[in-house]
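Take a look at the structure below.
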Amino acid sequence: MWALIGELMRARTREYLAASPLYPEGMPRLRPPASPAQIESLQSFAGQPLNPEYRKFLSLTDGFDGFQYAMPLLGCRDWENPQQSGIAAMFRDIVLETGSLEEVGLQEETCVFPIFVNSEGSAGIMMLHTGDTAAEQFWWTGAGDDMFFRTFRDLLTYVTDPLSYSPRQLFD
């Protein structure tokens, strides 16, 4: 997991330096790890088991800062920010209320918890829990896109280099 996080940080730092090397506040940074108590609290808040790879990620870094050019994964501390957690909760509620689960072939009883939502609340990544460990565990949805990832590692691989992994996609 560390190697994959390192690759993602390298890719985002290169993008940052190419776009705005004189803006130090926006430099991509890893956050300190979440504590076991914070991870357990997030799992309780989520109302579903956290994916083991996502738990491992949180135990290594509680998310990223300075990722305005790419997907900033939500860490435990992000749920303490009322604006950020409000947008994420709103996105989750919209997904559940609009029948989006059934539209993409997921069972109505599938548990979903956002691990990323853009600032407009129009796209996000949901951690899925169906009880079936062989099923896809992550769903990237919004702006007409629906992509599914079997593992958190697959999701990070795709975010690092979209050409290195092909998620299952739904097309209109």
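Taking both residues in full, the closest heavy atoms of Gln137 and Arg150 are given as CG-O, 2.9 Å, listed atom of the first, atom of the second, then distance. Scanning both residues, Pro114 and Trp79, for their nearest heavy atoms gives O-CZ2, 3.4 Å. When all heavy atoms of Pro33 and Leu60 are compared, the closest pair comes out as CG-O, 3.6 Å. The two residues Met147 and Pro167 have their closest heavy-atom pair at SD-CG, 3.7 Å. Across Phe116 and Ala123, no two heavy atoms sit closer than the pair CE2-O, 4.2 Å.
Cluster membership check: Val95 shares its hydrophobic cluster with Val104, using side-chain heavy-atom separations under 4.5 Å among Ile, Leu, Val, Met, Phe, Trp and Tyr. Cluster membership check: Leu96 shares its hydrophobic cluster with Trp139, using side-chain heavy-atom separations under 4.5 Å among Ile, Leu, Val, Met, Phe, Trp and Tyr.
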Candidate pair Ile125 and Phe149, rule side chain to side chain contact (heavy atoms under 4.5 Å, CB included), full reasoning: CA-CA 10 Å; Ile125 298 173; Phe149 301 84; 6.0 Å; no

Salt bridge (charged side-chain N to carboxylate O under 4.0 Å, His left out) evaluation trace for Arg10 with Glu7: CA-CA 5 Å; Arg10 277 189 286 284; Glu7 282 298 313; 2.5 Å; yes

Test log, rule side chain to side chain contact (heavy atoms under 4.5 Å, CB included), inputs Ile39 and Leu50: CA-CA 9 Å; Ile39 295 170; Leu50 297 181; 3.9 Å; yes

From CA spacing to verdict: side chain to side chain contact (heavy atoms under 4.5 Å, CB included), Val112, Arg92: CA-CA 7 Å; Val112 298; Arg92 178 185 178 272; 4.1 Å; yes

Side chain to side chain contact (heavy atoms under 4.5 Å, CB included) between Leu155 and Ile115, worked out: CA-CA 11 Å; Leu155 173 63; Ile115 63 166; 3.9 Å; yes

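Side chains of Phe113 and Leu74 form no contact here, defined as non-hydrogen atoms less than 4.5 Å apart. Residues Glu108 and Leu101 form no side-chain contact, since every pair of their non-hydrogen atoms from C-beta on lies 4.5 Å or further apart. Residues Phe91 and Ile87 have side chains not in contact (no heavy-atom distance under 4.5 Å, counting atoms from C-beta outward).
At distances below 3.5 Å, not a single donor-acceptor pair connects side-chain atoms of Ser44 with backbone N or O atoms of Ser41. Panel note: side chain Ser85, backbone Asn81; a donor-acceptor pair is recorded below 3.5 Å. Not one N or O on the side chain of Gln38 forms a donor-acceptor pair closer than 3.5 Å with the backbone of Cys76. Judged purely by atom type and a 3.5 angstrom limit, Thr157 uses its side chain to pair as donor or acceptor with the backbone of Arg153.
Between atom CZ of residue Phe152 and atom CE of residue Met1 there is a gap of 6.0 Å, rounded to the nearest 0.5 Å. Of the inter-residue distances, the one linking Lys56 atom NZ with Ile5 atom CD1 reads 9.0 Å to the nearest 0.5 angstrom. The CD atom of Glu80 lies 10.0 Å from the CG atom of Leu42; values are rounded to the nearest 0.5 Å. Taking CG of Leu106 as the reference point, atom CD of Glu136 lies at 8.0 Å (rounded to 0.5 Å).
Exactly one of Asp62, Asp78, Thr61 qualifies for a side-chain hydrogen bond (donor to acceptor under 3.5 Å, both in side chains) with Arg31. That residue is Asp78.
The environment of CD in Glu109 is crowded: more than 12 heavy-atom neighbours from other residues, nucleotides or ligands sit within 6.0 Å. When the shell of 6.0 Å around CD of Gln107 is examined, it contains 12 or fewer heavy atoms from other residues, nucleotides or ligands.
Defined by atom type and a distance below 3.5 Å, a donor-acceptor pair is present between the side-chain atoms of Gln43 and Arg55.
Ring planes of Trp140 and Tyr158: perpendicular class, angle over 60° (limits at 30 and 60°).
Centroid-to-centroid, the aromatic rings of Tyr54 and Phe138 stay 6.0 Å apart or farther.
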